[in-house]
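The structure appears right after this line, and notes come after that.
For ligands, and for the atoms within them, numbers begin at 1 and follow the listed sequence.
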Amino acid sequence: MSASPIYLGVIGVGGVGTAFLQQLARFPNAPQLVVLARSSQTLLAPTPAYSPAIPAADWATASAAPSLTKSGALQAEEIATYLAAAPGRAILVDNTSDISLARQYPTFLKKGISVVTPNKKGFSDDLSLWKDIFASAAEGKALVYHESTVGAGLPVLSTLKDLVATGDEVTRIEGVFSGTLSFLFNTFAPASGSSDAQWSAVVAQAKELGYTEPDPRDDLNGMDVARKLTILARIAGLEVSRPDSFPIESLIPAELESLPSSSDGITQFMTRLPEFDAQMANIKDTAEKQGKVVRYVGSIDVAAKAVKVGLQYFDKDSAIAGLKGSDNIISFYTKRYGANPLIVQGAGAGGDVTAMGVSADLIKAVERLR
Ligand SMILES: NC(=O)C1=CN([C@@H]2O[C@H](COP(=O)(O)OP(=O)(O)OC[C@H]3O[C@@H](n4cnc5c(N)ncnc54)[C@H](OP(=O)(O)O)[C@@H]3O)[C@@H](O)[C@H]2O)C=CC1
Ligand SMILES: N[C@@H](CC=O)C(=O)O
Ligand code: NA
């Protein structure tokens with residue numbers, strides 16, 4: 001008996017989306033890709049057959065094919081209605097960082113469309129949205145997987161969920177949660193050897209490597225880390241109301257804080273950042289004078305309900321100081337694990353490793369839906 005068909009809508013074809021589509025093309029028994037959208041364009045498999053599907057590997061070439069329906073940007077509700085009418089279960093993969101789309105997850109889920117995403121916005125915004133997402137999933141008998149929202153493809157959420165589900169008591173979670181900030185500090189202020197790199201040049205490099213958020217200020221202002229800690233804290237049982245409900249140390253120079261959030265604002269920010277290199281050099285030198293290095297870290301003290309995000313100095317021979325590249329390190333302190341935490345470590349940003357988490361989530365969702 002052949003497996004029942006599953007229909008797939010994918011939104012976002014940037015660094016993560018492109019890597020995801022390449023991985024999808026190699027899935028055996030892959031779901032039928034029937035929607036592929038970016039900000040200005042949508043490809044659809046024609047109705048009512050929802051066939052032919054969009055070829056994941058060469059969607060860009062196939063977008064010229066007359067067999068596919070093309071349109072401009074569609075409203076999320078329109079995509080939800082299209083997927084809900086497919087002749088089988090459907091899954092939405094959101095590879096954008098769009099909060100408006102994330103606010104529509106309940107619409108998809110109530111219609112029975114499962115959601116798989118690396119987009120952390122929806123899970124770290126108002127607590128009411130978090131609750132709505134999971135209540136809507138239960139109502140629509142749909143699934144939600146978002147492993148890559150924390151630690152990219154690293155098994156961070158699945159590990160925490162397993163600890164909680166099996167009755168362990170998680171007391172503290174701490175570590176380095178940003179691939180971008182890890183790369184910036186490991187490169188700018190290495191624990192061994194020295195570096196002449198300017199802060200702004202390393203920021204530009206992190207953007208080029210695809211580690212940053214679409215707007216790198218979301219990494220530098222600490223919000224990306226705060227969002228990840230909000231997600232972890234909620235899974236650990238804390239009702240964090242919003243990602244800005246606790247103190248967050250920002251690395252954005254005060255003079256650049258009021259630049260617009262548009263793409264023009266990003267360009268202005270990147271152009272003017274070199275003017276402020278001395279500020280970060282001072283922080284690096286202060287740590288150096290104490291024989292230490294500076295790193296950007298976060299922690300959740302579950303019993304105290306306290307979340308902290310910001311800079312800290314570390315001994316040069318510590319695990320955090322010695323991280324390489326875009327590595328994250330996340331330590332789970334629990335009753336069962338005692339004084340020696342369960343540690344997850346590895347690349348925490350980049351298209352391929354993030355897409356791996358999305359693809360693995362999709363495989364899990366497909367297995368449960370078939
Ligand atoms: N990069 C990384 O290392 C990691 C990223 N993530 C998350 O993965 C997600 C994607 O990141 P990344 O690929 O780097 O981002 P990119 O900026 O490279 O790509 C974003 C894509 O989303 C599309 N898009 C944005 N808004 C909409 C919308 N409203 N409707 C349709 N399409 C839209 C863009 O369209 P267009 O092509 O038209 O511009 C683009 O294709 C983000 O949520 C990020 O936080 C998570 C972990 C690690
Ligand atoms: N911009 C983020 C990407 C992954 O979430 C980071 O650098 O960690
Ligand atoms: Na992860």
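Applying the side-chain hydrogen bond (donor to acceptor under 3.5 Å, both in side chains) criterion to Lys316, with sequence neighbours excluded, gives Glu288.
Between Ser148 and ligand 2, not a single N/O pair is under 3.5 Å apart. On a distance-only criterion, Ala349 and ligand 1 share no N/O pair closer than 3.5 Å. Of the N or O atoms in Gly210, one or more lie within a sub-3.5 Å distance of an N or O in ligand 1. Note: an N/O pair closer than 3.5 Å links Ser39 and ligand 1 by distance alone. Of the polar atoms of Gly15, at least one N or O is found under 3.5 Å from an N or O of ligand 1, judged by distance alone. Where the criterion is an N or O separation shorter than 3.5 Å, residue side chain and backbone included, Ala37 fails it with respect to ligand 1. The distance criterion of under 3.5 Å between nitrogen or oxygen atoms is met by Asp219 with respect to ligand 2. Taking only nitrogen or oxygen atoms, main chain and side chain alike, Leu181 does not reach within less than 3.5 Å of ligand 2.
When only non-hydrogen protein atoms are considered, atom 15 (O) of ligand 1 lies nearest to Pro214 CG, 3.6 Å. What sits closest to atom 41 (O) of ligand 1 on the protein, heavy atoms only, is Val13 N, 2.9 Å. Nearest to atom 3 (O) of ligand 1 among the protein's heavy atoms is Gly350 N, 2.6 Å. The protein atom (non-hydrogen) at minimum distance from atom 45 (O) of ligand 1 is Glu213 OE1, 2.6 Å. In terms of protein heavy atoms, atom 7 (C) of ligand 1 is closest to Pro118 O, 3.4 Å. Ranking the protein heavy atoms by distance from atom 14 (O) of ligand 1 puts Val16 CG2, 4.0 Å first. Shortest contact from atom 37 (O) of ligand 1 to any protein heavy atom: Arg38 NH2, 2.9 Å. Among all non-hydrogen protein atoms, the one lying nearest atom 2 (C) of ligand 2 is Glu213 OE2, 3.1 Å. Atom 9 (C) of ligand 1 has its closest protein heavy atom at Thr96 O, 3.6 Å.
Side-chain contact of Thr107 with Gln104: a donor-acceptor pair under 3.5 Å is present, judged by distance alone. There is no side-chain donor-acceptor pair under 3.5 Å between Asp168 and Tyr337. With hydrogens and angles left out, the side-chain atoms of Ser359 and Gln23 include a donor and acceptor closer than 3.5 Å. Looking only at atom types and distance, the side chain of Asp277 has a donor-acceptor partner in the side chain of Ser200 under 3.5 Å away. Remark: the Ser51 side chain and the Gln32 side chain contain no N/O donor-acceptor pair separated by less than 3.5 Å.
For ligand 2, the atoms closer than 4.0 angstrom to any heavy atom of Thr212 are 1 (N). Under a 4.0 Å criterion applied to the non-hydrogen atoms of Lys120, ligand 1 contributes the atoms 45 (O). The Ser148 neighbourhood of ligand 1 comprises atoms 46 (C), 47 (C), with distances under 4.0 Å to a heavy atom of that residue. With ligand atoms numbered from 1 in the order given, ligand 2 contributes 4 (C), 8 (O) to contacts under 4.0 Å with heavy atoms of Gly348. Atoms of ligand 2 found under 4.0 Å from any heavy atom of Lys228, numbered from 1 in the order shown, are 2 (C), 4 (C), 5 (O), 6 (C), 8 (O). With ligand atoms numbered from 1 in the order given, ligand 2 contributes 6 (C), 7 (O), 8 (O) to contacts under 4.0 Å with heavy atoms of Gly179. Taking every non-hydrogen atom of Gly12 and a distance limit under 4.0 Å, the qualifying atoms of ligand 1 come out as 21 (C), 22 (O), 23 (C), 41 (O).
The cationic atom of Lys284 (NZ for Lys, CZ for Arg) lies less than 6.0 Å from the six-membered ring centre of Phe188 and within 45° of the ring axis.
Ligand 1 lies nowhere less than 4.0 angstrom from a heavy atom belonging to Gly179. Using 4.0 Å as the threshold, Ala152 has no heavy atom nearer than that to any atom of ligand 2. At least one heavy atom of Ile11 sits less than 4.0 Å from an atom of ligand 1.
The Na ion (ligand 3) forms the vertex of an angle spanning O of Val150 and O of Glu147; to the nearest 10 degrees it equals 80°.
Closest heavy-atom contact between Arg242 and Asp126: NH1-OD1, 2.6 Å. Between Asp219 and Ser178, the shortest heavy-atom contact is OD1-OG, 4.4 Å. Summarising the geometry of Leu43 relative to Ser63, their closest heavy-atom pair is CD1-CB, 3.6 Å, with the distance given to 0.1 Å. Shown here for Gly298 and Leu229, the closest heavy-atom pair between the two residues is CA-CD1, 3.7 Å.
Comparing Asp98, Val358, Val10 against atom 28 (C) of ligand 1, the shortest heavy-atom distance belongs to Asp98. The nearest non-hydrogen atom to atom 47 (C) of ligand 1, considering only Asn95, Leu154, Thr354, Thr18, comes from Thr354.
With a 6.0 Å radius and a threshold of 12 heavy atoms from other residues, nucleotides or ligands, Lys305 has its NZ atom at or below the threshold. In the displayed structure, Glu208 atom CD is contacted under 6.0 Å by at most 12 heavy atoms of other residues, nucleotides or ligands. Dense packing is recorded around NZ of Lys70, with more than 12 heavy atoms of other residues, nucleotides or ligands lying under 6.0 Å away.
The main-chain N or O of Val170 is never found under 3.5 Å from a side-chain atom of Thr334 such that the two would form a donor-acceptor pair.
Here Ala152 reaches the Na ion (ligand 3): one of its N/O/S atoms is less than 3.0 Å from the metal. Not a single N, O or S atom of Pro155, from either the backbone or the side chain, sits less than 3.0 Å from the Na ion (ligand 3). Distances from the Na ion (ligand 3) show that Gly357 has no N/O/S atom below 3.0 Å.
Contact of the Phe183 side chain with the Thr212 side chain is not registered, since no non-hydrogen atoms from C-beta on lie closer than 4.5 Å. Contact annotation: the side chain of Val176 approaches that of Leu323 to within less than 4.5 Å [non-hydrogen atoms, C-beta and beyond].
Ring to ring, Tyr82 and Tyr50 are close: their centroids are under 6.0 angstrom apart. In this structure, Tyr105 has its ring center at least 6.0 angstrom away from the ring center of Trp130.
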